[in-house]
Amino acid sequence: MDGDTLYPIGELARRTGLTVKTVRFYSDRGIVAPTDRSPAGYRLYTIDAVARLDLVRTLRELGLDLPTIRKVVDRELSLPEVAAAHAEALAVQIRVLRLRRAVLTAVAERGSTPEETELMHRLAQLSEDERRRLIDDFLDAVFGGLDAAPAFAGAMRSMTPELPDNPEAEQVQAWVELAEMSLDPDFRAAMRRMIEDQAAEQAQSDTTVPRRDVVATIRDQVGPALTTGLDPASPQADPIVATFTAHYAHLLGSPDNAKLRRRLTTRLENANDPRRERYLQLLAVVNDWPTPESLTPTFTWSTQASASGHSNNGTKAFCCDP
């Protein structure tokens with residue numbers, strides 16, 4: 001029977017698909033010891049050595065080191081425990097490799113300088129706590145110190161990136177770019193101006209009565225005009241402008257005059273900063289959210305239409321009203 005048959009090292013190699021040199025290597029290290037020796041001194045093995053070598057080869061292909069493999073085949077270590085520990089170690093290695101790949105891909109695509117590459121690498125390596133502190137500092141620069149700050153709690157949460165434990169390369173790239181933006185003083189100042197505009201509106205409006213945000217109203221009013229391709233400089237755009245400026249006046253409790261329209265135009269111009277939209281796009285990638293709707297066409301059309309207003313109940317253009 002096979003269990004009683006002894007095989008020379010060449011036959012063992014043939015049965016396992018390994019080379020004689022490899023079998024001898026494992027045998028010399030006591031991982032697969034010979035059962036006996038021939039009269040000429042050649043090593044002999046039982047059929048059990050085939051199964052043992054198959055397990056050794058599998059564990060080596062999975063990346064386990066020889067001392068650990070020996071303990072596993074000798075039953076000094078539990079194979080499930082070793083597998084779990086090794087899988088955890090591989091997960092860490094995979095995460096590191098993903099981070100490196102993401103940084104290198106970004107460097108190649110953006111043509112980054114050595115200084116930019118160093119910054120991207122550093123941002124990609126941040127721990128969860130370090131990422132949180134970086135974003136908290138950014139949000140504090142944008143929202144902090146305003147009387148209406150509590151009202152922006154939801155907005156702050158919606159602007160917070162949460163990089164998963166095992167991010168895809170695209171998420172890492174998005175995080176790095178988003179982190180770079182959050183460190184940019186000009187971007188922080190632009191976002192601060194936009195939030196200050198909203199805070200001023202909230203302070204001036206009657207907060208006891210629910211009011212619809214002017215941006216939501218403008219989006220609904222301008223949507224059909226964008227769909228039909230209506231020229232914002234045409235007279236047909238005036239009624240649309242009149243509708244959303246009237247809403248803005250009602251929201252603030254102010255007269256619908258040139259001063260208010262200039263304020264609204266400034267509000268739209270501040271909100272139309274392309275960096276704001278880019279931040280939201282990157283945030284969606286990092287958090288695995290749906291791609292946000294672009295408001296750039298709406299803001300651009302509204303600003304152009306406001307600046308090109310032909311009349312306002314018989315008065316002259318918005319930009320020239322006294």
Modelled atom types, side-chain donor and acceptor of [X] and [Y], under 3.5 Å:
{"X": "S294", "Y": "E277", "value": "yes"}
{"X": "E269", "Y": "T303", "value": "no"}
{"X": "Y45", "Y": "S27", "value": "yes"}

- Between V241, I218, D197, which is the residue that forms a side-chain contact (heavy atoms from CB on, under 4.5 Å) with L264?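 So the option named by the test is I218.
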| Under the criterion side-chain contact (heavy atoms from CB on, under 4.5 Å), which of V214, L295, L226 is the partner of R219? |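 Among the candidates, only L295 passes.
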Check for a donor-acceptor pair, side chain of [X] on one end and backbone N or O of [Y] on the other, with a separation under 3.5 Å.
{"X": "R37", "Y": "Y42", "result": "no"}
{"X": "E130", "Y": "S127", "result": "yes"}
{"X": "S302", "Y": "F299", "result": "no"}
{"X": "R98", "Y": "P167", "result": "yes"}
{"X": "T22", "Y": "L18", "result": "no"}
{"X": "Y7", "Y": "A13", "result": "no"}
{"X": "S234", "Y": "D231", "result": "yes"}

Do the charged groups of [X] and [Y] touch, with an N to O distance under 4.0 Å?
{"X": "D28", "Y": "R43", "result": "yes"}
{"X": "E118", "Y": "R122", "result": "no"}
{"X": "E128", "Y": "R131", "result": "no"}
{"X": "R275", "Y": "D186", "result": "no"}
{"X": "R110", "Y": "E180", "result": "yes"}
{"X": "E162", "Y": "R132", "result": "yes"}
{"X": "D54", "Y": "R57", "result": "yes"}
{"X": "E76", "Y": "R70", "result": "no"}

What is the distance from atom [atom1] of [X] to atom [atom2] of [Y], rounded to the nearest 0.5 Å?
{"X": "F138", "Y": "D136", "atom1": "CZ", "atom2": "CG", "answer": "11.5 Å"}
{"X": "S306", "Y": "F244", "atom1": "OG", "atom2": "CZ", "answer": "4.0 Å"}
{"X": "I240", "Y": "T245", "atom1": "CD1", "atom2": "OG1", "answer": "11.5 Å"}
{"X": "T296", "Y": "N272", "atom1": "OG1", "atom2": "CG", "answer": "5.0 Å"}
{"X": "L126", "Y": "H121", "atom1": "CG", "atom2": "NE2", "answer": "10.5 Å"}
{"X": "E88", "Y": "Q93", "atom1": "CD", "atom2": "CD", "answer": "11.5 Å"}

Ignoring hydrogens, what is the shortest heavy-atom contact between [X] and [Y]? Give both atom names and the distance.
{"X": "L44", "Y": "S38", "answer": "CD1-N, 3.6 Å"}
{"X": "L260", "Y": "A249", "answer": "CD1-CA, 3.5 Å"}
{"X": "L139", "Y": "T160", "answer": "CD1-OG1, 3.5 Å"}
{"X": "Q173", "Y": "A102", "answer": "CG-O, 3.4 Å"}
{"X": "W175", "Y": "L123", "answer": "NE1-O, 3.0 Å"}
{"X": "R14", "Y": "E11", "answer": "NH2-OE2, 2.5 Å"}

Check: [Y] and [X] side chains under 4.5 Å, non-hydrogen atoms:
{"X": "Y279", "Y": "M159", "answer": "yes"}
{"X": "I135", "Y": "L178", "answer": "yes"}
{"X": "R192", "Y": "L146", "answer": "yes"}

* Before giving the answer on side chain to side chain contact (heavy atoms under 4.5 Å, CB included), spell out for V215 and R267 the whole-Å C-alpha distance, their side-chain angles and the decisive distance to 0.1 Å. => CA-CA 10 Å; V215 172; R267 167 89 148 82; 3.8 Å; yes
Is it possible for you to say whether [X] and [Y] belong to one hydrophobic cluster, with membership spreading through side-chain heavy-atom contacts below 4.5 Å?
{"X": "V286", "Y": "L183", "result": "yes"}
{"X": "L97", "Y": "M120", "result": "no"}
{"X": "V103", "Y": "I94", "result": "no"}
{"X": "L119", "Y": "F187", "result": "yes"}
{"X": "L163", "Y": "V285", "result": "no"}

Does the pair L251 and Y248 meet the rule for a side chain to side chain contact (heavy atoms under 4.5 Å, CB included), with working shown? CA-CA 5 Å; L251 180 70; Y248 194 54; 4.3 Å; yes
Does the plane of the ring in F143 sit parallel, tilted or perpendicular to the ring in F152? Use 30° and 60° as the thresholds.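 F143 and F152: tilted rings.
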| message | Tell me which one of D140, D273, D137 satisfies salt bridge (charged side-chain N to carboxylate O under 4.0 Å, His left out) with R188. | response |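 Going through D140, D273, D137 one by one, the salt bridge (charged side-chain N to carboxylate O under 4.0 Å, His left out) with R188 is satisfied by D137 alone.
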- Task: May I have the step-by-step check of salt bridge (Lys or Arg N to Asp or Glu O under 4.0 Å) for E196 and R193, ending in yes or no?
- Result: CA-CA 5 Å; E196 286 175 342; R193 286 193 298 271; over 6 Å; no
- Query: Yes or no on side chain to side chain contact (heavy atoms under 4.5 Å, CB included) for T5 and I47, after CA distance, side-chain angles and deciding distance?
  - Reply: CA-CA 7 Å; T5 304; I47 193 66; over 6 Å; no
(Q) Can you tell me if H86 has over 12 outside heavy atoms packed within less than 6.0 Å of its NE2? (A)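 Counting neighbours around NE2 of H86, more than 12 heavy atoms of other residues, nucleotides or ligands fall under 6.0 Å, so yes.
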Evaluate the side chain to side chain contact (heavy atoms under 4.5 Å, CB included) criterion for residues L12 and L53: first the C-alpha distance (whole Å), next the side-chain angles of each, then the deciding distance (0.1 Å), finally the verdict.
CA-CA 9 Å; L12 193 62; L53 280 171; 3.6 Å; yes
Show me the side-chain donor-acceptor pairs of residues 59-69 shorter than 3.5 Å, one per line, residues at least two apart or across chains.
{"unit_1": "R60", "atom_1": "NH1", "unit_2": "L64", "atom_2": "O", "d": "3.0"}
{"unit_1": "D65", "atom_1": "OD1", "unit_2": "T68", "atom_2": "N", "d": "3.0"}
{"unit_1": "D65", "atom_1": "OD1", "unit_2": "T68", "atom_2": "OG1", "d": "3.0"}
{"unit_1": "D65", "atom_1": "OD2", "unit_2": "T68", "atom_2": "OG1", "d": "3.0"}

